[in-house]
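The next block holds one structure in the form of structure tokens; read it before the comments.
The residues of the chain are indexed from 1 along the displayed sequence. Bear in mind that the values here come from a model prediction, so they are computed numbers and not experimental data. Basis for what follows: all heavy atoms, side chains included, without hydrogens, waters or symmetry-related copies.
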Amino acid sequence: MADRQAQDRATHEKLKQSAVALKQSAVEQVDSADRRTELAADRTILAAERTYAAWVRTGLTALASGIGARALLDKVVADWLTKSTGAMLILFAAFCFVAAVWRETTPSVQPPKPRARRLPAALLIAINGFLVLVSIAAFIGVITTP
């Protein structure tokens, strides 16, 4: 009988330790899931910034291409073709600068509790607004230059 009681106590002790370990494991899993969610939110913000950078890069390339097309195609093709090619590339550049800010400031899905901070919208608008002004100046220069 004493052996039986000792076995029961040992079994209860093992169950108790198992329950404590299981409870601790559940807490760690919840923490791990929260951390994964937080990291996913950070990745979402960083992906949005990469997309913003791609729009700006494309706009700067189109702007340089528009100015370069006007300079390089002069006296090679008809003047109207040179001006229209340069103008279209520059207008596309301005579109890219506007689209970059629009895409960055109006995300379609808001990530849950990110630790990474977004770029300030005012900074994006100021920088891209300046780039749009440069595009407008280049457009006027391409169109009006004889």
(message) Please report the interatomic distance CZ(Phe95) to CE(Met88), rounded to the nearest 0.5 Å.
(response) 11.5 Å
(message) Same cluster or not: Ile90 versus Phe92, using hydrophobic residues (I, L, V, M, F, W, Y) connected whenever any side-chain heavy atoms lie under 4.5 Å apart?
(response) no
(message) Suppose clustering is done on Ile, Leu, Val, Met, Phe, Trp and Tyr with side-chain heavy atoms closer than 4.5 Å. Which residues sit in the same group as Leu73?
(response) Val76, Val77, Trp80, Leu81
(request) Would you give the length of the straight line joining atom CD of Glu49 to atom CG of Leu119, rounded to the nearest 0.5 angstrom? (result) 4.0 Å
Let me have the donor-acceptor pairs involving side chains of residues 55-69, under 3.5 Å, with sequence neighbours excluded, atom names and distances please.
residue	atom	partner	partner atom	Å
Thr58	OG1	Ala54	O	2.8
Thr61	OG1	Arg57	O	2.9
Ser65	OG	Thr61	O	2.8

(request) Check Ile136, Val142, Ile143 against Ile140 for a side chain to side chain contact (heavy atoms under 4.5 Å, CB included) and give me the one that passes. (result) Ile136
(message) What's the separation between atom CZ in Arg50 and atom CD1 in Ile45, rounded to the nearest 0.5 Å?
(response) 12.0 Å
(request) Sequence neighbours left out, what passes salt bridge (Lys or Arg N to Asp or Glu O under 4.0 Å) with Asp74? Give chain and number order. (result) Arg70
(message) If the condition is side-chain contact (heavy atoms from CB on, under 4.5 Å), which residues does Ile125 pass it with, not counting sequence neighbours?
(response) Val101
(message) For residues 124-144, which residue pairs pass the side-chain hydrogen bond (donor to acceptor under 3.5 Å, both in side chains) check, not counting sequence neighbours?
(response) Tyr52-Asn128
(request) Give a yes or no on whether Leu123 and Trp102 share a hydrophobic cluster (residues Ile, Leu, Val, Met, Phe, Trp, Tyr; joining criterion: side-chain heavy atoms under 4.5 Å apart). (result) no
(request) Not counting sequence neighbours, list each pair that qualifies as a side-chain hydrogen bond (donor to acceptor under 3.5 Å, both in side chains) and has a residue in residues 81-101. (result) none
